[in-house]
Amino acid sequence: MIRTALALALLSAVPLTHAAPDLTTVAERSGYEATGRYDEVVKLCADFQKAYPKAVRCFEFGRTPEGRPMLALAVSKSGALTAPQAKKLNVPVLLVQGGIHAGEIDGKDAGFLALRHALDGKAASGTLDKQVLLFVPVFNVDGHERFGKWNRPNQRGPVEMGWRVTAQNYNLNRDYVKADAPEMQAMLALVNAWDPLAYIDLHVTNGAKFQPDVSIQVEPVHGGDEALKVAGTALRENVMADLRKQGSDPKHFYISFAKTDDPQSGFVDEMSTPRFSTGYFPLRNRFAMLVETHSWKDYPTRVKITYNTIVSVLDQVARHGAEWRKLALAADGRSAALAGREFPLSYRTTDKTRTIDFAGYEYTRTPSDVSGGVWTKYDETKPQLWRVPLRDEVVPDRLVTAPAGGYLVPAAQAAMVATRLRQHGVTFKVLASAPGKVDVETFRADATKLTPQSVEGHQMMALEGSWKPEAREIGKGALFVPIAQPKARLVMTMLEPQGADSLAAWGLFNVSFERKEYMEEYVAEEVAREQLQDPQVAAAFQARLDSEPAFAKSPRARLEFFARRHASWDERFNLYPVLRTARVF
């Protein structure tokens with residue numbers, strides 16, 4: 001009784017308004033069985049700033065389509081809590097992002113724990129003196145609030161979690177280049193402002209049952225600037241070494257079978273295309289790390305592994321950030337000098353194969369009387385060492401030479417393209433006067449292929465063709481996008497039509513490859529007879545008839561042969577409405 005009275009007396013002597021805020025999470029208090037709703041993020045963001053006013057700034061960087069605030073915490077003991085301060089003090093910025101797929105929410109709870117421990121010196125001691133940690137607990141906020149049990153049926157915990165995609169049904173980890181989602185546009189604005197040296201994207205895998213608990217993939221490693229590839233490899237290997245010391249079995253490749261549900265097919269590493277974070281950030285000459293904890297590990301285990309990863313990356317940036325930032329800025333200079341040099345638009349994994357030991361479990365594959373396919377069943381009580389193939393040699397595939405000057409976008413397409421370029425912080429110029437006829441390179445499609453179904457709301461377009469010299473009239477209001485800029489790799493990725501994630505590939509120019517004007521058959525018959533009076537046309541027509549049976553059997557193709565030679569033919573049909581130029585405007 002005396003002790004209770006004394007305790008109450010002492011408590012009452014301390015004004016409640018000065019009580020330290022509780023910075024623990026629902027996850028922590030539940031033993032990592034549950035995770036909190038987004039209102040917890042809102043509260044913790046404010047409370048961390050209140051508890052550490054000189055080291056934490058909580059701020060909103062966007063709003064979701066459903067009106068929720070997108071929050072970030074800038075954390076540093078360097079004196080830099082704003083983007084201008086970080087730039088002025090030359091402090092490297094580490095952006096740690098959780099919940100891009102909001103059912104895969106390890107990063108939110110691990111990040112708040114790592115943040116608190118780093119501020120208190122219990123982990124990553126001293127690292128916040130040498131960097132800014134920019135922490136986004138949940139990127140896909142609306143998806144996070146589509147909360148429920150079994151949103152991830154192939155994942156162990158937490159009890160309830162959010163949803164993979166946004167309220168508008170966008171997968172944000174397919175949106176980095178096209179940037180359709182308001183959330184991605186807000187994230188790119190954040191990235192443009194802070195220019196993070198490294199971007200850590202925290203996920204949970206899908207997949208089979210086996211023992212390894214996390215994959216750590218970093219770029220530039222397979223692609224990107226050569227000097228940054230060396231540093232990217234060092235970052236990856238150092239973090240994996242730290243995780244091994246903590247008892248993890250990390251892999252440098254995405255741990256999903258080459259053939260779905262077939263363990264003996266092994267694994268294939270690859271270079272992600274720029275719709276993904278690890279394909280996008282190398283184009284900005286910055287580092288990206290994809291962290292994928294294994295979904296069949298329980299939530300406490302996954303959060304601990306993610307926590308260990310964040311702490312390790314904080315240590316790596318503290319140790320090497322100043323050096324890596326110099327390398328990144330030097331890479332910016334090399335990108336600005338890309339004119340006339342080859343640039344890989346895509347990469348491929350070769351057939352070179354090696355056999356690896358992989359810690360799995362005993363399993364059976366039997367015919368299923370339900371699906372009619374093969375049913376794979378794992379026995380997690382019986383560890384088994386698998387000997388499986390791994391293909392992880394990645395090389396450039398499609399190479400394109402950068403234009404000497406840059407790209408021209410005619411005025412009709414300028415507004416749409418300018419919006420996309422601004423979202424990425426790309427430099428361009430609007431021509432105030434018409435330069436007239438300009439020698440350029442044009443791309444005309446010899447063949448086009450649309451995806452049968454939409455992808456992320458787009459019917460994607462694959463183009464066959466090549467760039468050829470031509471003189472074309474350029475009017476006032478056209479855009480000039482110089483190749484001589486730090487984001488030259490990103491410029492080429494967006495504007496070269498045959499890139500996997502170019503604006504053309506995402507279908508933003510599909511209308512240019514639609515035929516709009518036709519000649520009726522009875523008119524074409526008359527036109528054909530007039531043109532056949534020319535011996536050269538007649539010879540060319542006969543050659544087609546003799547050499548191409550399909551052409552000879554098609555009345556429409558035969559008449560189109562003549563329609564294409566008529567003055568009424570639309571010379572802009574299949575013309576890609578972006579031009580390459582050797583001039584600088």
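Please read all numbers here as calculations on a predicted model, not as lab measurements.
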Undergrad: Supply the atom-to-atom distance Leu579 CG to Arg472 CZ, rounded to the nearest 0.5 angstrom.
TA: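 Spacing of CG (Leu579) from CZ (Arg472) equals 7.0 Å.
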Undergrad: Got Met240 and Val214 here, is their nearest side-chain heavy-atom distance under 4.5 Å?
TA: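 No, their side chains stay 4.5 Å or more apart.
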Undergrad: Looking only at non-hydrogen atoms, find the nearest pair between Leu338 and Ala488 and report the distance.
TA: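 Scanning both residues completely, I find the closest heavy atoms to be CD2-CB, 4.0 Å.
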Undergrad: Mark yes or no for whether Asn140, through its side chain, and Gly99, through its backbone, hold a donor-acceptor pair below 3.5 Å.
TA: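 No.
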Undergrad: Which word best sums up how the rings of Phe267 and Phe358 line up, parallel for under 30°, tilted for 30 to 60°, or perpendicular for over 60°?
TA: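 Rings of Phe267 and Phe358: tilted, as their planes differ by 30° to 60°.
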Undergrad: Please step through side chain to side chain contact (heavy atoms under 4.5 Å, CB included) for the pair Met461 and Lys449, ending with a clear verdict.
TA: CA-CA 6 Å; Met461 171 78 78; Lys449 184 177 180 180; over 6 Å; no
Undergrad: Counting distance only, does the side-chain N/O of Ser454 pair as donor-acceptor with the main-chain N or O of Gln459 below 3.5 Å?
TA: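 Judged by distance alone, no pair lies under 3.5 Å.
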Undergrad: Would you check if the side chain of Gln531 reaches a backbone N or O of Phe562 as a donor-acceptor pair within less than 3.5 Å?
TA: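 Yes, Gln531 side chain to Phe562 backbone: donor-acceptor pair under 3.5 Å.
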Undergrad: Tell me whether the count of non-hydrogen atoms from other residues, nucleotides or ligands lying under 6.0 Å of CD in Gln536 goes above 12.
TA: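 It does not: Gln536 CD has 12 such atoms or fewer within range.
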Undergrad: Using a strict threshold of under 4.0 Å (side-chain N to carboxylate O), is an ion pair present between Glu393 and Arg348?
TA: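 Here Arg348 does not pair with Glu393 in a salt bridge, since their nearest N and O are not under 4.0 Å apart.
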Undergrad: Side chains of His101 and Asn171: closer than 4.5 Å at any heavy-atom pair?
TA: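 Side chain of His101 against side chain of Asn171, heavy atoms only: contact under 4.5 Å found.
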Undergrad: Keeping Arg544 on the side-chain end and Ala540 on the backbone end, is there a donor-acceptor pair under 3.5 Å?
TA: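 The answer is no, because no donor-acceptor pair under 3.5 Å joins these two groups.
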Undergrad: Would you compute the distance between atom CG of Leu95 and atom CD1 of Ile200 and round it to the nearest 0.5 angstrom?
TA: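 So the CG of Leu95 and the CD1 of Ile200 are separated by 8.5 Å.
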Undergrad: So with a 6.0 Å cut-off around NZ of Lys352, is the heavy-atom count from everything else above 12?
TA: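 It does not: Lys352 NZ has 12 such atoms or fewer within range.
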Undergrad: Tell me, do Arg422 and Val426 make a side-chain contact under 4.5 Å, heavy atoms counted?
TA: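 Not in contact.
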Undergrad: Taking Arg286 first and then Asp332, would you say they form a salt bridge - that is, a charged N and a carboxylate O separated by under 4.0 Å?
TA: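 Yes, this pair counts.
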Undergrad: Any ion pair linking Glu496 and Arg580 (charged N to carboxylate O, less than 4.0 Å)?
TA: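 Between Glu496 and Arg580 there is a salt bridge, with a charged N closer than 4.0 Å to a carboxylate O.
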Undergrad: Salt bridge check: are Lys553 and Glu548 linked by an N-O gap of less than 4.0 Å?
TA: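 No salt bridge links Lys553 with Glu548.
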Undergrad: Does Arg420 use its side chain to pair, donor to acceptor, with the backbone of Lys178 at less than 3.5 Å?
TA: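 A pair under 3.5 Å: yes.
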Undergrad: Will you find, in the side chains of Arg284 and Asn192, an N or O donor that is under 3.5 Å from an N or O acceptor?
TA: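 Per modelled atom types, Arg284 and Asn192 side chains form a pair under 3.5 Å.
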Undergrad: Have Asn154 and Ser295 got a donor and an acceptor in their side chains that come within less than 3.5 Å?
TA: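 No.
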Undergrad: Under 3.5 Å, is there a donor on one side chain and an acceptor on the other for Thr273 and Asp501?
TA: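 Side-chain D/A pair, Thr273 to Asp501: present.
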Undergrad: Heavy-atom count check: over 12 atoms from other residues, nucleotides or ligands less than 6.0 Å from Trp375 CH2?
TA: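 12 or below, so no.
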Undergrad: Would you indicate whether the side-chain heavy atoms of Val481 and Leu421 approach each other to under 4.5 Å?
TA: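 Yes - at least one pair of side-chain heavy atoms lies under 4.5 Å apart.
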Undergrad: Ignoring hydrogens and geometry, is there a side-chain-to-backbone donor-acceptor pair from Arg365 to Asp261 under 3.5 Å?
TA: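 Looks like yes, one N/O pair under 3.5 Å.
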Undergrad: Cut-off 3.5 Å, side chains only: do Asn206 and Arg152 have a donor facing an acceptor?
TA: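 Side chains of Asn206 and Arg152: pair found under 3.5 Å.
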Undergrad: So, does Gln485 use its side chain to make a donor-acceptor pair with the main chain of Thr427 at under 3.5 Å?
TA: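 It does hold such a pair.
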Undergrad: Taking atom CD of Glu571 as the centre, report whether more than 12 heavy atoms of other residues, nucleotides or ligands fall under 6.0 Å from it.
TA: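 More than 12 heavy atoms, drawn from other residues, nucleotides or ligands, come within 6.0 Å of this atom.
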Undergrad: As a quick check of understanding, evaluate side chain to side chain contact (heavy atoms under 4.5 Å, CB included) for Phe343 and Thr493, giving each step before the final call.
TA: CA-CA 9 Å; Phe343 170 74; Thr493 296; 3.7 Å; yes
Undergrad: Working to the nearest 0.5 Å, report the span between CD of Gln413 and CG of Leu408.
TA: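 Those atoms lie 13.5 Å apart.
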Undergrad: Does CZ belonging to Arg556 count more than 12 external heavy atoms closer than 6.0 Å?
TA: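 Count not over threshold, so no.
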Undergrad: Taking atom CG of Asp201 and atom CD of Glu292, what is their separation to the nearest 0.5 Å?
TA: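 That separation rounds to 8.0 Å.
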Undergrad: Is the Trp467 ring parallel, tilted or perpendicular to the Phe443 ring (thresholds 30°, 60°)?
TA: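 Trp467 and Phe443: perpendicular rings.
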Undergrad: Looking only at atom types and distance, does a side-chain atom of Arg558 sit under 3.5 Å from a main-chain N or O of Ala552, one as donor and one as acceptor?
TA: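 Checking the backbone N and O of Ala552 against the side chain of Arg558, a donor-acceptor pair under 3.5 Å is found.
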Undergrad: Quick one: does any side-chain atom of Arg572 pair with a main-chain N or O of Ser512 as donor and acceptor, under 3.5 Å?
TA: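 Flag not set: sc Arg572 to bb Ser512 has no pair under 3.5 Å.
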Undergrad: Using 4.0 Å as the upper bound for N to carboxylate O, is an ion pair formed by Glu470 and Lys437?
TA: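 No.
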Undergrad: Is Asp351 salt-bridged to Arg391, cutoff N-O under 4.0 Å?
TA: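 Here Asp351 pairs with Arg391 in a salt bridge, since their nearest N and O are under 4.0 Å apart.
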Undergrad: Would you call Asn574 and Asp446 a side-chain contact if the rule is heavy atoms closer than 4.5 Å?
TA: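 Sidechains of Asp446 and Asn574: no contact.
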Undergrad: Does Arg387, at its CZ atom, have more than 12 non-hydrogen atoms belonging to other residues, nucleotides or ligands within less than 6.0 Å?
TA: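 Result for CZ/Arg387: enclosed.
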Undergrad: Once you round to the nearest 0.5 Å, how far does CG of Leu399 lie from OH of Tyr347?
TA: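 If we round to the nearest 0.5 Å, Leu399:CG and Tyr347:OH are 8.5 Å apart.
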Undergrad: Under the criterion ring pair (Phe, Tyr, Trp, His ring centres under 6.0 Å), which of Phe276, Trp194, Phe281, Phe139 is the partner of Tyr199?
TA: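 The passing option is Phe281.
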Undergrad: I'd like to check Phe253 versus Ser215 (side-chain heavy atoms, cut-off strictly below 4.5 Å). Are they in contact?
TA: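 In short, these two side chains do not touch, never coming nearer than 4.5 Å.
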Undergrad: Parallel under 30°, tilted from 30 to 60°, perpendicular over 60°: which one fits the rings of Phe551 and Phe561?
TA: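 Answer is perpendicular, since the angle exceeds 60°.
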Undergrad: Return yes if a side-chain donor-acceptor contact under 3.5 Å exists between Asp142 and Thr64, otherwise no.
TA: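 Their side chains do contain a donor-acceptor pair, which is all the 3.5 Å distance test asks for.
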Undergrad: Any idea how Phe210 and His294 line up, ring-wise: parallel (<30°), tilted (30 to 60°), or perpendicular (>60°)?
TA: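 If you compare the ring of Phe210 with that of His294, the planes turn out parallel.
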Undergrad: Does a side chain donor of either Asn510 or Glu514 reach within less than 3.5 Å of an acceptor in the other side chain?
TA: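 Absent: no donor and acceptor within the cut-off.
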Undergrad: Decide if atom CD of Glu473 counts as having more than 12 heavy atoms of other residues, nucleotides or ligands within a radius under 6.0 Å.
TA: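 Enclosed.
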Undergrad: Does a side-chain N-to-carboxylate-O contact under 4.0 Å join Glu104 and Arg164?
TA: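 Salt bridge between Glu104 and Arg164, a charged N being under 4.0 Å from a carboxylate O: yes.
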Undergrad: Report the C-alpha distance between Gln264 and Tyr363 in whole Å, list the side-chain angles of each, state the deciding distance to 0.1 Å, and finish with yes or no for side-chain hydrogen bond (donor to acceptor under 3.5 Å, both in side chains).
TA: CA-CA 11 Å; Gln264 285 306 305; Tyr363 65 92; 3.2 Å; yes
Undergrad: Keeping the roles fixed (side chain from Asp175, backbone from Ala181), state whether a donor-acceptor pair exists under 3.5 Å.
TA: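 The answer is yes, because a donor-acceptor pair under 3.5 Å joins these two groups.
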Undergrad: Is the shortest side-chain heavy-atom distance between Glu441 and Lys468 below 4.5 Å?
TA: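 Contact flag for Glu441/Lys468 side chains = no.
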Undergrad: Under 3.5 Å, is there a donor-acceptor pair linking the side chains of Arg398 and Ser346?
TA: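 The criterion, which ignores hydrogens and geometry beyond distance, is not satisfied for Ser346 and Arg398.
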Undergrad: Which residue pairs pass the ring-ring contact (aromatic ring centres under 6.0 Å, His included) test when at least one of the two sits in residues 406-426, sequence neighbours left out?
TA: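 Sorted pair list: Tyr280-His424.
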Undergrad: Without hydrogens or angle criteria, can the side chains of Asn285 and Asp225 be said to hold a donor-acceptor pair below 3.5 Å?
TA: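 On atom types as modelled, these side chains do not qualify, holding no pair under 3.5 Å.
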Undergrad: Between the side chains of Asp180 and His458, does any donor sit under 3.5 Å from an acceptor?
TA: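 The criterion, which ignores hydrogens and geometry beyond distance, is satisfied for His458 and Asp180.
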Undergrad: Can you tell me how far the CG atom of Asp195 sits from the CG atom of Leu329, to the nearest 0.5 Å?
TA: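 Between atom CG of Asp195 and atom CG of Leu329 there are 7.5 Å.
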Undergrad: In terms of ring plane angle, is the pair Trp386 and Tyr378 parallel, tilted or perpendicular, where the classes change at 30° and 60°?
TA: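 Ring orientation, 0 to 90° scale: tilted.
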Undergrad: Given side chains that start at C-beta, do those of Glu521 and Leu559 come closer than 4.5 Å, heavy atoms only?
TA: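 Sidechains of Leu559 and Glu521: in contact.
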Undergrad: Assess, by modelled atom type and distance only, whether the side chains of His222 and Asp269 contain a donor and an acceptor separated by less than 3.5 Å.
TA: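 Note: His222 and Asp269 side chains meet the donor-acceptor criterion.
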